[in-house]
Amino acid sequence: MDRNLKVLEFDKIIETLAEYAASGQAKEIIRNLVPFISESELRKNLSDTTQARQMLDSIGTPPAASMENMEELLGKAVRYDLLMPEELEQVGMFLTAVKRMKEYLERGKAYRISLAYYEENLILSEEIREELMRCVRHGKIDDQASAALRDMRRDIQRLEEKIKEKAESLLRLQKKYMSESFIVSRNGRVCLPVKKDYKSKVAGSVVDKSATGTTFFIEPAAVARYREEKELLEIEEDNEVRRIIYTLMDHIAEKEEDFRQNIKMLVKLDYIFAKGKLSVDMDGTEPKINMQGYFLLKGARHPLLKKEDCVPLDFEMGNGRKGVVITGPNTGGKTVAIKTVGLFSAMAGCGLHVPCREADICMNNQILCDIGDGQNIADNLSTFSSHISNVLHILRKVTKESLVIMDELGSGTDPAEGMGIAIAIIEQLRLSGCLFFVTTHYPEVKSYAARHEEIVNARMEFDRENLKPLYRMEIGKSGDSCALYIAKRLGMPGDMLYTAAMEAYGEVREALVNELELKKETQWKKEFVPSIQKMKETERKPLMPVFTRGDSVTVLPEGTIGIVVVPEDERGNVLVQVKGEKITVNQKRLKLKVAASELYPEDYDFSIIFDTVENRKARHKMGKGYQGDLTVTWDAKIL
């Protein structure tokens with residue numbers, strides 16, 4: 001779908017419309033629907049929608065169009081490709097749908113609705129329908145399709161009963177040879193379960209044997225004769241079924257053109273009634289169509305918003321006015337208003353009804369939109385860059401028959417330059433002669449619009465007392481952002497408002513001074529706020545160590561016993577020897593078991609505990625003199 005229509009969310013309207021269609025062909029038509037550029041086509045489609053709505057209101061919903069795979073089935077019949085019985089049943093259901101639609105449309109003629117006369121374009125092949133209904137039932141060729149088929153199936157059933165009776169009789173007579181007390185079926189044959197040792201005692205053919213090899217499944221010779229007779233009958237039955245199917249296919253192929261005409265008409269009616277159902281669902285109205293650039297909406301509701309949450313939009317322009325510049329506060333409904341106008345134009349241009357009391361919409365050759373932040377991450381474009389790229393694309397395509405909708409002109413950049421660009425864009429739209437709707441915050445744009453008679457200002461109303469948008473558009477009046485009024489209501493003092501007004505307008509009018517009670521002197525009433533209470537400076541004493549070297553400690557949560565090698569550092573980590581291995585443990589995980597002062601004398605040599613035997617021997621030898629071949633590994637932490 002065209003990007004401009006997607007921006008207006010027209011694709012959601014199309015998907016809703018497609019849900020009302022029963023056939024895949026009608027859904028495909030709907031999903032490819034775009035505004036018409038032929039006035040006669042548009043008026044015809046609008047008339048169809050209106051008449052479908054009248055039919056729905058007068059005589060209810062039409063019967064569902066059963067057309068699943070009809071094109072394919074008809075093609076197979078014409079090519080003489082064998083149709084299955086269930087496919088023939090589908091053809092019969094299609095002809096029944098044609099009959100029901102004809103009856104439905106016939107009732108519509110009593111209301112003098114022109115759409116009802118499409119009934120005359122539906123061709124009812126009643127003889128074929130009745131023949132299909134007689135010959136095919138529940139996906140099978142019925143016994144009564146022909147006398148020969150009926151007799152064959154009766155004989156087949158008789159032989160099946162004889163086969164079963166004969167097998168059960170032999171089972172009883174030769175019970176002592178059997179491994180089971182019931183007959184079985186193997187490879188489509190009725191067999192007796194004979195013990196391995198007695199297989200020669202039963203006359204017949206071995207068809208299969210059990211997994212263990214102890215049982216042989218034998219088809220008795222007497223049963224085989226009946227089976228062979230039955231198989232010959234089944235071949236004849238199959239030939240008769242094929243003859244009946246091909247006869248029915250001949251009837252269908254002979255009426256190929258009638259079938260194609262009916263398919264075409266049911267698809268068209270499915271599409272038309274889908275439009276009527278959408279109109280009923282959204283309480284739509286047929287819009288008038290004009291070629292004079294006139295636009296009128298009364299009580300318009302955005303079709304994607306809940307009816308109870310939507311404030312109706314009244315809007316009119318034309319008679320020499322080609323452009324509307326809408327201003328007003330944020331969340332005031334400007335974007336919803338212009339999207340409603342664009343969406344209504346797209347819907348009316350596609351022959352759909354629109355949800356409002358009254359509508360008169362001009363026909364456009366294209367709808368061009370620039371709505372939303374437009375940021376294009378893939379192309380590394382900023383919001384402003386993306387907007388400008390889109391605007392330039394619009395200006396290259398726009399003609400006097402186009403409808404252009406733009407939101408927040410010139411936003412996303414320096415306010416002064418953005419204002420200038422916004423005016424330049426509107427000037428190009430004005431010169432093109434197109435119909436356009438734009439929104440903006442710039443007061444200079446409002447002034448520009450006031451200087452050109454073909455452009456009109458409009459504003460979205462705002463309740464200044466309650467600080468709430470009213471979502472109503474007023475044509476001929478320019479709005480403002482209401483920022484000063486909102487700030488006033490929220491308690492901003494007069495001197496701040498005065499400063500803001502001076503910066504915004506350069507000079508402050510007397511009316512604004514009186515309305516906002518602007519004052520130059522400071523009026524702040526400061527609230528009491530407690531001061532920060534600073535903490536008194538105190539001399540911090542160094543923390544005393546919790547553990548000393550040689551303390552016996554318990555390591556939690558394991559509960560293992562260790563000896564402190566090095567007391568805790570500034571982070572509270574203690575080096576502990578546990579089972580000959582030195583590990584670092586936080587002091588919070590250690591519990592004093594026995595202090596070192598209780599375990600060792602004051603001058604005790606802890607290297608006996610913490611150092612290796614090799615290191616102690618090496619140091620002892622070095623104490624006696626230089627030893628060139630000895631190396632001692634020193635642990636700074638331990639020492």
Side-chain angles (χ1 to χ4, degrees), residues 18 20-32 62-105 118-153 156 188 231-274:
Y20 288 114
S23 64
Q25 298 97 314
K27 291 179 185 290
E28 188 66 21
I29 291 172
I30 290 168
R31 291 192 174 106
N32 291 320
S66 179
M67 293 179 287
E68 193 68 28
N69 303 322
M70 267 310 300
E71 293 276 4
E72 179 185 348
L73 298 180
L74 182 59
K76 287 177 70 173
V78 172
R79 294 191 304 270
Y80 228 53
D81 293 342
L82 183 67
L83 289 173
M84 294 295 102
E86 59 269 23
E87 293 176 323
L88 288 171
E89 195 167 31
Q90 287 184 46
V91 176
M93 292 170 62
F94 169 75
L95 291 175
T96 299
V98 173
K99 181 182 180 181
R100 290 175 178 172
M101 182 60 79
K102 280 180 72 71
E103 293 170 349
Y104 174 84
L105 295 175
Y118 275 125
E119 177 270 334
E120 297 172 2
N121 297 90
L122 290 171
I123 303 167
L124 182 58
S125 303
E126 185 63 14
E127 292 181 2
I128 299 177
R129 190 187 74 84
E130 290 179 354
E131 189 69 3
L132 286 168
M133 299 297 288
R134 184 183 69 84
C135 294
V136 187
R137 290 187 183 181
H138 308 300
K140 296 181 179 179
I141 299 299
D142 192 71
D143 295 352
Q144 304 303 318
S146 73
L149 182 63
R150 179 193 61 216
D151 294 341
M152 289 174 193
R153 287 182 173 172
I156 289 171
E231 287 176 350
L232 289 173
L233 276 174
E234 285 175 338
I235 292 171
E236 292 180 16
E237 177 205 17
D238 184 63
N239 289 335
E240 180 63 12
V241 166
R242 286 174 177 269
R243 185 193 67 78
I244 293 168
I245 289 175
Y246 278 115
T247 300
L248 293 172
M249 287 171 56
D250 283 339
H251 294 330
I252 294 169
E254 287 172 4
K255 298 289 185 179
E256 177 187 4
E257 291 305 316
D258 293 350
F259 272 91
R260 296 199 182 280
Q261 172 74 5
N262 287 336
I263 293 170
K264 180 180 178 182
M265 284 307 306
L266 283 186
V267 169
K268 183 173 184 178
L269 289 168
D270 190 18
Y271 162 61
I272 291 172
F273 278 110

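All residue numbers refer to positions in the sequence shown, counting from 1.
Remark: Asp250 CG to Lys255 NZ distance equals 13.5 Å, nearest 0.5 Å. Atom CZ of Arg153 and atom CD1 of Ile141 lie 7.5 Å apart (nearest 0.5 Å). How far CZ of Arg260 is from CD of Glu257: 7.0 Å, rounded to the nearest 0.5 Å. The CG atom of Asp81 sits 11.0 Å away from the CG atom of Leu73 when rounded to the nearest 0.5 Å. We find the CG-CG distance between Leu248 and Leu83 to be 9.5 Å, quoted to the nearest 0.5 Å. Glu131 contributes atom CD, which lies 10.5 Å from atom CD1 of Ile252 (distance to the nearest 0.5 angstrom).
Looking at heavy atoms from C-beta onward, Leu266 lies out of side-chain contact with Ser23 at the 4.5 angstrom threshold. Using a 4.5 Å cut-off on side-chain heavy atoms (C-beta onward), Lys264 and Val267 make no contact. Using a 4.5 Å heavy-atom cutoff, the side chains of Tyr20 and Asp270 are not in contact. When side chains are defined from C-beta on, Leu269 does not count as touching Pro62, because their heavy atoms never get closer than 4.5 Å. Residues Glu119 and Tyr104 are not in side-chain contact: their nearest non-hydrogen atoms beyond the backbone lie 4.5 Å or more apart. When side chains are defined from C-beta on, Leu88 does not count as touching Gln90, because their heavy atoms never get closer than 4.5 Å.
Heavy atoms of other residues, nucleotides or ligands lying less than 6.0 angstrom from CD of Glu68 number 12 at most. For Glu126, the CD atom counts as densely surrounded, since its 6.0 Å shell holds more than 12 non-hydrogen atoms of other residues, nucleotides or ligands. More than 12 non-hydrogen atoms from other residues, nucleotides or ligands lie less than 6.0 angstrom from NZ of Lys76. With a 6.0 Å radius and a threshold of 12 heavy atoms from other residues, nucleotides or ligands, Arg100 has its CZ atom at or below the threshold. The number of heavy atoms from other shown groups lying within 6.0 Å of CZ (Arg242) does not exceed 12.
Side-chain contact annotation: Tyr271 with Lys27, donor-acceptor N/O pair under 3.5 Å absent.
Smallest separation of non-hydrogen atoms from Thr96 and Met133: OG1-SD, 4.3 Å. Closest of all the heavy-atom pairs between Ala274 and Ala21 is CB-N, 4.0 Å. Shown here for Ser125 and Leu95, the closest heavy-atom pair between the two residues is O-CD1, 4.2 Å. When all heavy atoms of Val136 and Pro85 are compared, the closest pair comes out as CG1-O, 3.3 Å. When every heavy atom of Glu237 is checked against every heavy atom of Ile156, the shortest pair comes out as OE1-CD1, 3.7 Å.
A donor-acceptor distance shorter than 3.5 angstrom exists from the side chain of Lys102 to the backbone of Leu122, with no hydrogens or angles considered. Of the possible donor and acceptor atoms, none in the side chain of Glu254 sits under 3.5 Å from a partner among the backbone N and O of His251.
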Audit row: Asn262, Phe94, side-chain contact (heavy atoms from CB on, under 4.5 Å) steps and yes/no: CA-CA 9 Å; Asn262 287 336; Phe94 169 75; 3.7 Å; yes

Glu28 vs Gln25, side-chain contact (heavy atoms from CB on, under 4.5 Å): CA-CA, chis, key distance, verdict: CA-CA 5 Å; Glu28 188 66 21; Gln25 298 97 314; 5.7 Å; no

Stepwise side-chain contact (heavy atoms from CB on, under 4.5 Å) check, Phe259 with Glu256: CA-CA 5 Å; Phe259 272 91; Glu256 177 187 4; 5.7 Å; no

Verdict with reasoning, Ser146 to Arg243, per side-chain contact (heavy atoms from CB on, under 4.5 Å): CA-CA 10 Å; Ser146 73; Arg243 185 193 67 78; 3.9 Å; yes

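Listed by chain and residue number, nothing satisfies the salt bridge (Lys or Arg N to Asp or Glu O under 4.0 Å) test with Asp142 (two or more places apart in sequence, or in another chain).
The pair Asp143-Arg150 fails the salt-bridge criterion, with no side-chain N (NZ, NE, NH1 or NH2) lying under 4.0 Å from an Asp/Glu carboxylate O. With respect to the salt-bridge test (charged N to carboxylate O, under 4.0 angstrom), the residues Glu89 and Arg137 do not qualify.
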